[in-house]
Amino acid sequence: MSAAERRSRLEELAPELVAELTETHEKSRELPALEGAENGVVMRFAPNPSGPLHLGHARASVLNDYYVKRYGGRYVLRVEDTDPRRVDPEAYAMVLEDIEWLGLGITDIVYQSDRLDIYYDWCRRLIELGGGYVCVCDSERFRELKLKGKACPCRERTVEENLELWQKMLDQEFYEGDATVRVKTELDHPDPAMRDYSAMRIVNTPLHPRVENTVFPLMNFSVAVDDHLLGITHVIRGKDHIANTRRQRYLFDYFGWKPPVYRHYGRMGISGVVLSTSGMREGIKSGLYTGWDDIHLGTMRAIARRGIEPEAVRNAMIDIGIGETDISFSWENLYSRNKEIVDPKANRYFFVPDPVEVTVEDAPYREAHAALHPGDPARGVRTLVAEGRILLPRADIEGRSMVRLKDLYNVGIAWDGDTPRVSYAGDALEDARREKAPIIQWLPADAKLPCTLLQQDGTLEGFCEPSVAGEANRVVQFERIGFARVDSVEGGRVSAYFAHR
RNA sequence: GCUGCUAUAGUGUAGGGGCCAAUCAUGUCGGCCUUUCACGCCGACGACAGGGGUUCGAAUCCCCUUAGCAGCACCA
């Protein structure tokens, strides 16, 4: 049966069910199941506290969050602050704020800098097992040997000698770069990236903001140890970690641990915003950006400032899923997700950009009552009093001989060069329809608020309704323009950020 | 270069031998509704990277080609 046949047949049998045929099944899609997750999971989100969270973190954190919520279990926030060079003391708080904004169901928080002794302990055990050794070679020299598949002299040392050197590292008898602990792997591993990778290194400067230690684990070591100790069952991360997963596997093997189940999703290209933490930091420093929430950045706080709701980010990320294919992030899709959340909530207002103030000749006194939300009459109306002096958006009247002022009346426009002469042209909506006059927004000249609408590609200056002042920090819809978040109302001026149409 | 992964409409995604002349969403274009160019509704457009195999049958399995990506750090 064709679709049309099925439909007409259903109409005969059960007309009340026809609606279901076209119902949009927009409940967020089910992502693929995770093997071995039936009895609950322990997952983690492991950001480096070098700045606030951005879109890239959003994907990782939301996807893991999705599975924890789906299967039940624990969700560990593990702050990976083992590189003093890449720790921004202020980022600790920012990460927490962003997580709260995203609504992640974090159940546990651990800081790797609190766990240094644990890593030292397991490092000692690794050496005792013969799985690790202290290498005092120059890193360049080691690299050359590695590429040839050759062992460095340090590899031949006994466990006792290694233990002694390791203690010297901890006792600060080595300086940065002079010694490192390596994990023994196959020296002839086809991928040179696997060969005797580093597990521990020394960092003397800068000082770590939270601890005084100078010996720090490299991520492959701390991650493997923590994943095991914290009981992590499933890991969802980007495919840039595939090689790391392989490296970490050596540790699981040495210690006889069962590794978690891994899923590596593809690379996500994001255009239109700055994403690299260092790039953002430099831009902020140089004054190019106003701060971490500058709307040209891809941080969660920038996105929030633009009126994107956390649920929209979440839905967009789940939509994208955990596919291994490289994808390009679609702002369109995110906006669409946001619109479905924000449209039912946002009150409607007039915003007149680039205004022309005119006197409407022969204008009768009128009070316009415009719905705060056309889909929800119960919300009431805003009342605008028109006494003759009004503001019109220049772009909407240019070249026109007639427009209808929404919820008010029609006006005719005679052009005297660039100067419009505007006159009352009746109340009948039908007249406007017949003349194909556009229905546009307007404002009374004596009841308006200056309003700046900031968009990524420029700023719109104009005026909005006075009651927008009561919408601070909320998303509104400026009719015919789009959704915007009212950022601040100060000194009688409104500043709003454009979200999307 | 080496090691590995991936390849479905503009974008994201479903589909893992027959139910696929391929799903859903988004987008674009028409139309309806409407005192917003919003929302809602209707319709249209639009893809299995290319080439070989295997098979009665391939988007699905295999091989090659091409393309993209990742890693090749004493970063995470």
Side-chain angles (χ1 to χ4, degrees), chain A residues 19 22 24-26 28-32 46-50 80-83 85-87 112 135 137-139 142-143 146-147 176-182 189-195 197-203 215-220 222-223 237-247 264 266-269 277 315-321 323-337 339-340 342-344 346 348-350 368 370-371 373-376 396 404-410 429-430 432-433 438-441 477-483 500-501:
Chain A
T22 54
T24 39
H25 302 280
E26 41 122 296
S28 35
R29 232 190 59 243
E30 281 244 311
L31 260 22
N48 173 265
S50 56
E80 306 214 327
D81 55 348
T82 54
D83 182 358
R85 279 185 262 271
R86 293 191 43 177
V87 172
Q112 289 192 318
C135 174
C137 297
D138 177 76
S139 63
F142 179 83
R143 189 169 166 273
K146 176 185 76 174
L147 289 176
E176 194 166 312
D178 293 343
T180 182
V181 177
R182 296 190 177 282
H189 189 110
D191 185 354
M194 291 302 127
R195 300 173 190 162
Y197 67 87
S198 275
M200 287 279 176
R201 50 70 155 86
I202 298 168
V203 182
V215 175
F216 292 91
L218 273 319
M219 73 92 79
N220 284 306
S222 48
V223 163
R237 40 158 40 161
K239 74 174 179 188
D240 44 322
H241 286 294
I242 288 177
N244 291 323
T245 300
R246 264 181 235 127
R247 284 191 270 236
H264 297 99
R267 194 195 124 95
M268 180 167 77
T277 303
N315 291 343
M317 292 305 167
I318 291 173
D319 226 27
I320 287 169
E324 292 173 64
T325 318
D326 301 325
I327 58 149
S328 46
F329 173 79
S330 162
W331 290 97
E332 262 177 5
N333 289 352
L334 174 63
Y335 293 157
S336 159
R337 290 290 171 227
K339 202 189 293 194
E340 62 193 28
V342 126
D343 181 76
R348 272 55 172 169
Y349 293 101
F350 289 158
H373 191 111
D376 182 10
D396 288 313
R404 179 173 180 87
L405 310 186
K406 185 165 183 284
D407 302 302
L408 193 65
Y409 45 57
N410 307 325
L429 180 60
E430 302 73 50
R433 286 258 158 82
I439 297 167
I440 66 170
Q441 75 279 24
Q477 189 200 45
F478 287 134
E479 296 195 37
R480 306 206 316 132
I481 291 173
F483 294 91
H500 47 75
R501 290 192 58 84

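Chain naming here is simple, since letters A, B, ... match the order of the sequence lines and numbering starts at 1 in each. A quick note: this is a predicted structure, and the numbers were derived from the prediction, not measured.
Using a 4.0 Å heavy-atom distance criterion, A:Asn244 is classed as a base contact. Here A:Asn48 lies in heavy-atom contact (under 4.0 Å) with sugar-phosphate atoms only. Within the nucleic acid shown, A:His264 has no heavy atom closer than 4.0 Å to any nucleic acid atom. At the heavy-atom level, A:Pro47 lies nowhere under 4.0 Å from the strands shown. Within 4.0 Å (heavy atoms only), A:Asp396 reaches at least one base atom of the nucleic acid. Within the nucleic acid shown, A:Phe216 has no heavy atom closer than 4.0 Å to any nucleic acid atom. A:Gly375 comes within contact range of no nucleotide atom at all, as no heavy-atom separation falls under 4.0 Å. When heavy atoms are screened at a 4.0 angstrom cut-off, A:Pro217 is found touching the sugar-phosphate backbone but no base atom. Among the heavy atoms of the strands lying under 4.0 Å from A:Thr82 are primed sugar atoms or P, OP1, OP2 only; no base atom is included. Within the 4.0 angstrom heavy-atom criterion, only backbone atoms of the sugar-phosphate kind lie near A:Arg267; the bases stay farther away.
Residues A:His241 and A:Asn244 bring a donor and an acceptor atom of their side chains to less than 3.5 Å of each other.
Stem regions for RNA chain B, each three or more consecutive Watson-Crick or G-U pairs with both distances under 3.5 Å and listed by first number, read B:1-7 with B:66-72, B:10-12 with B:24-26, B:27-32 with B:40-45, B:49-53 with B:61-65.
Separation of the C1' atoms belonging to B:rC64 and B:rA9 is 27 Å when rounded to the nearest angstrom. Of the C1' atoms belonging to B:rU13 and B:rU26, the separation is 10 Å, rounded to the nearest Å. Comparing the P positions of B:rG12 and B:rC20 gives an interatomic distance of 25 Å, to the nearest angstrom. Taking atom C1' in both B:rA21 and B:rA25, the straight-line distance is 22 Å, to the nearest Å.
Residue A:Arg195 places no side-chain N or O under 4.0 Å from the OP1 or OP2 atom of B:rC72.
Checking B:rA73, B:rU26, B:rC75 against every side-chain atom of A:Asp83, the shortest atom distance belongs to B:rC75.
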Can you name the atoms? Protein N/O to nucleotides 5-10 of chain B N/O, anything below 3.5 Å, with the distance.
from	atom 1	to	atom 2	distance (Å)
B:rC5	O2'	A:Glu324	OE1	3.4
B:rU6	O2'	A:Thr325	OG1	3.2
B:rG10	N2	A:Glu332	OE1	3.0

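Judged by the 6.0 Å distance and 45° axis criteria, A:Arg182 is positioned over the aromatic ring of A:Phe142.
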